[in-house]
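No hydrogens, no waters, no symmetry mates; every other heavy atom, side chains included, goes into these values.
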Amino acid sequence: MMLPLHFNVKDKNVLVVGGGKIALRRLRLFLEEGARITVISPDVVPEIAELSKVDKLNWQAKKVELADLKDALFIIAATNDSAVNEWIAENASENQLVNVASNANKGNVIVPKSVKKGRLTLSVSTNGASPTLAKQICEQLSKQFDEQFVNELEQMYENRANRKRNK
């Protein structure tokens, strides 16, 4: 089992090995949170190439090497070759977070389906059993929280921040 938690990746090094649609989907999550992303893949989908052109990430058009793993806090192994993905997990240090897209049990981190509405973040995982089901559950849960709820939550946050400042 895995412990669910959220952590700050702003300005942290994230390595994405692979250049396909799954790699793109995963890297977008980290991009939105301000991570420094390096993509290693001989080929990438056009969206990743475009993000590289506009300096949103660093794309290195090559095969992954051991030295590439060294400085990453978080590694996403998302190639279309499960042996390469497993090699990445086996060669990462014990202090690195590794998500293996082709086999959730090979890494030490699962990326859950998540939805953000203002300050509310909902995350759902099936621990790799069914990403599709996790997506459906997350979407169903998110429908329960409308704009009024989001506004009330923001007000709660501001009230709490004011109380802390006034102590």
Original post:
Can you name the closest pair of heavy atoms from Ile110 and Ser125 and give their distance?
Top reply: CG2-OG, 3.7 Å

Subject >> Positive for side chain to side chain contact (heavy atoms under 4.5 Å, CB included) with Leu24, one of Leu31, Val44, Val16, Ile48 >> reply: Ile48

**OP:** State the CG-CG distance between Leu73 and Asp11, to the nearest 0.5 angstrom.
**Re:** 12.0 Å

Subject >> Pairwise side chain to side chain donor-acceptor pair (under 3.5 Å) hits with a residue in residues 156-167, at least two apart >> reply: Gln155-Asn159, Asn162-Arg165

Subject >> Exercise: do Gln136 and Gln140 side chains pair donor with acceptor under 3.5 Å >> reply: no

Original post:
Which pair of non-hydrogen atoms, one from Lys63 and one from Asp68, has the smallest distance, and what is that distance?
Top reply: O-OD2, 4.0 Å

Subject >> Reported NZ-to-CZ distance for the pair Lys113 and Arg25, which is rounded to 0.5 angstrom >> reply: 8.5 Å

Subject >> Residue pair Ser114 / Ser123: nearest heavy atoms and the distance that separates them >> reply: CB-OG, 3.7 Å

**OP:** Identify whether Ile76 and Ile22 are in the same connected component of the hydrophobic contact network (ILVMFWY, side-chain heavy atoms under 4.5 Å).
**Re:** no

Original post:
Going by side-chain heavy atoms closer than 4.5 Å, which hydrophobic residues are tied to Val100, directly or by a chain of links?
Top reply: Leu15, Val17, Ile40, Val64, Leu66, Leu69, Ile75, Val84, Trp87, Ile88, Val98

**OP:** Kindly give the heavy-atom pair with the smallest separation between Val9 and Glu33, and that separation in Å.
**Re:** CG2-CB, 3.6 Å

Subject >> Test ring-ring contact (aromatic ring centres under 6.0 Å, His included) applied to Phe149 - qualifying residues, sequence neighbours left out >> reply: Phe145

Original post:
Under 30°, 30 to 60°, or over 60°: which ring-plane class applies to Phe30 and Phe74, parallel, tilted or perpendicular?
Top reply: tilted

Original post:
In chain order, what residues pass the side chain to side chain contact (heavy atoms under 4.5 Å, CB included) check against Ile137, with sequence neighbours excluded?
Top reply: Val124, Leu133, Leu141

Original post:
Between Val54 and Val39, is there a shared hydrophobic cluster once you connect ILVMFWY residues whose side-chain heavy atoms come closer than 4.5 Å?
Top reply: no

Original post:
Does NZ in Lys62 sit with more than 12 non-hydrogen atoms of other residues, nucleotides or ligands closer than 6.0 Å?
Top reply: yes

**OP:** State, to 0.1 Å, how close Ser52 and Trp59 come at their nearest heavy-atom pair, and which atoms those are.
**Re:** OG-CB, 3.7 Å

Subject >> Lys135, NZ: over 12 other non-hydrogen atoms inside 6.0 angstrom >> reply: no

Original post:
Which pairs pass side chain to side chain donor-acceptor pair (under 3.5 Å) with one or both residues in residues 96-111, sequence neighbours excluded?
Top reply: Arg26-Asn99, Asn85-Ser102

Original post:
Going from NZ on Lys56 to CG on Leu27, what distance comes out if it is rounded to the nearest 0.5 angstrom?
Top reply: 12.5 Å

Original post:
Atom NZ in Lys12, atom CG in Leu97: separation rounded to 0.5 Å?
Top reply: 11.5 Å

Subject >> Listed once per pair and sorted, the ring pair (Phe, Tyr, Trp, His ring centres under 6.0 Å) pairs that draw on residues 104-138, sequence neighbours left out >> reply: none

**OP:** Applying side chain to side chain contact (heavy atoms under 4.5 Å, CB included), run through Lys116 and Glu32 and close with a yes or a no.
**Re:** CA-CA 11 Å; Lys116 288 186 176 187; Glu32 290 172 9; 5.9 Å; no

**OP:** Working to the nearest 0.5 Å, report the span between CG of Leu153 and NZ of Lys117.
**Re:** 12.0 Å

Subject >> Interatomic spacing from CG in Asp81 to CD in Glu86 - rounded to 0.5 Å >> reply: 9.0 Å

**OP:** State plainly whether one hydrophobic cluster holds both Val14 and Leu5, where clusters connect Ile, Leu, Val, Met, Phe, Trp and Tyr through side-chain heavy atoms under 4.5 angstrom apart.
**Re:** yes

Original post:
Looking at Val45 and Lys21, what are the two nearest heavy atoms and their distance?
Top reply: CG1-N, 4.0 Å

Original post:
When clusters are formed by joining ILVMFWY residues with side-chain heavy atoms under 4.5 Å apart, either directly or through shared neighbours, do Val150 and Met156 land in the same one?
Top reply: no

